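To keep things clear, I will list the structure first and then write my remarks on it.
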Amino acid sequence: MTGSRASGRSPESVPDPKTVRWFRKNLKNWGQTHRRDFPWRRSRDPYGIFVAECLLQKTEANHALPIYRAFMARYPTLAALGDASLEELSALLEPLGLRFRASRLLDAARSILENEAYGGQLPDCETELLKLPGVGRYTARSILSQAFNRPLAVLDTNIARILERFFGVEGGRVKSRDALLWSLAQEVAPKREMGTWNLTLIDFGAAVCTAQKPRCSECILLKRCKFGEFGF
DNA sequence: AACGCGGGGCA
DNA sequence: TGCCCAGCGTT
């Protein structure tokens with residue numbers, strides 16, 4: 001097919017390259033001074049990052065923080081978690097809600113430990129990570145980008161909201177919109193330091209481009225934001 | 001494609 | 001009070 005490059009696809013899936021570079025540059029700059037500091041971000045230990053990602057699902061980071069500290073003190077290694085009792089683990093995670101997380105975490109840990117091919121370590125491959133209970137596309141790719149420095153973008157509620165607003169993604173059918181946002185997330189991402197980039201986007205969504213009452217007046221992206229065009 | 005899970009923070 | 005939070009599994 002020659003002619004229109006956008007034929008057959010939503011125009012938003014082919015954003016202007018100059019706009020993409022501007023978006024990337026401004027956010028990277030913002031991240032250098034505003035990115036949050038959490039204990040699970042200070043190491044590349046796949047186990048610690050895996051634990052953090054599980055605790056953070058649908059849970060505010062500041063809420064998960066004290067539980068994460070207690071978790072890592074009680075179960076500092078994958079082997080230690082494998083030996084945990086479900087009752088004690090459940091009690092530890094209780095303040096975070098979503099109680100099924102305790103059994104999923106335990107099942108995931110034991111499943112890894114039982115697999116000889118993994119050598120007692122988390123697998124560094126998306127297909128294998130997705131086999132673990134409680135690990136979906138976001139969690140798998142987040143672990144890979146942060147612990148293994150793999151160039152994989154992620155999509156969470158924060159990032160989806162930023163992309164929707166800035167690039168003006170229309171709300172079509174839910175499934176196609178989701179696929180569009182995943183491809184857009186990968187397209188706008190830099191080639192290097194994807195782990196840092198993913199965290200920057202998440203923090204920007206949590207601090208500025210919030211779900212309710214976004215802080216558009218102090219937003220570094222406002223000038224070219226589709227959402228900002230309408231006077232918010 | 002829609003839904004349940006969940007305690008806690010915040011306006 | 002109501003909405004939202006570094007999603008995922010099930011139907």
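In what follows, every chain begins at residue 1, and chains take the letters A, B, ... in the order their sequences are listed. Quick caveat: nothing in here was measured; it's all calculated off a predicted structure. Computed over heavy atoms, backbone and side chain alike; hydrogens, waters and symmetry mates excluded.
For the pair A/Arg161 and C/dC5, the criterion of a side-chain N or O lying under 4.0 Å from OP1 or OP2 is met. Applying the 4.0 Å criterion to OP1 and OP2 of C/dG7, one finds that A/Arg104 has every side-chain N and O outside that range. Between C/dA6 and A/Thr139, no contact under 4.0 Å exists linking OP1 or OP2 to a side-chain N or O.
Rounded to whole Å, the distance from CZ on A/Arg101 to C1' on B/dC5 is 10 Å. Remark: P of B/dC10 and NE2 of A/His63 are 11 Å apart, rounded to the nearest angstrom. Taking atom CZ of A/Arg99 as the reference point, atom P of B/dG8 lies 10 Å away to the nearest angstrom. If you measure from atom CD of A/Gln212 to atom C1' of B/dA11, you get 8 Å, rounded to the nearest angstrom. In this structure, A/Arg137 places its CZ atom 14 Å from P of C/dG9, rounding to the nearest Å. With rounding to whole Å, A/Phe100 atom CZ is found 9 Å from C/dG9 atom P. If you take CG of A/Leu56 and C1' of C/dA6, they are 5 Å apart, rounded to a whole angstrom. Taking atom CG on A/Asp203 and atom P on C/dC5, their separation rounds to 14 Å, with Å as the unit.
The separation of B/dG8 from C/dC8, taken at their P atoms, amounts to 23 Å, rounded to a whole angstrom. Taking atom C1' in both C/dC5 and B/dC5, one finds a spacing of 13 Å when rounded to whole Å. B/dA2 and C/dA6: their C1' atoms are spaced 23 Å apart (whole Å). Remark: the separation of the C1' atoms in C/dG2 and B/dG6 is 15 Å, to the nearest Å.
Nucleic acid contact for A/Val135: sugar-phosphate only, since backbone atoms but no base atoms lie under 4.0 Å from a heavy atom of the residue. Nucleic acid contact class of A/Thr157 (heavy atoms, under 4.0 Å, all strands): sugar-phosphate only. At a threshold of 4.0 angstrom between heavy atoms, the contacts of A/Ser142 with the nucleic acid are absent. Among the protein residues, A/Leu132 comes within range of the sugar-phosphate backbone only, with heavy atoms under 4.0 Å from sugar or phosphate atoms but none that close to a base.
For the residue pair A/Arg104/A/Gln57, the side-chain donor-acceptor check at 3.5 Å is not satisfied.
Ion pairing between A/Glu164 and A/Arg161 fails under the 4.0 Å rule for side-chain N and carboxylate O. For A/Arg41 and A/Asp203, the salt-bridge test passes: some basic side-chain N is under 4.0 Å from an acidic carboxylate O.
Looking at residues two or more places apart in sequence or on another chain, you find no salt bridge (Lys or Arg N to Asp or Glu O under 4.0 Å) involving A/Glu60. The salt bridge (Lys or Arg N to Asp or Glu O under 4.0 Å) test applied to A/Arg192 returns no partner, not counting sequence neighbours.
A donor-acceptor contact under 3.5 Å links the side chain of A/Arg41 to the base of C/dA6.
Between A/Lys213 and A/Glu94, the residue whose closest nucleotide on DNA chain B is further toward the 5' end is A/Glu94.
Taking the six-membered ring where the residue is Trp, the centroids of A/Tyr68 and A/Phe38 are separated by 6.0 Å or more.
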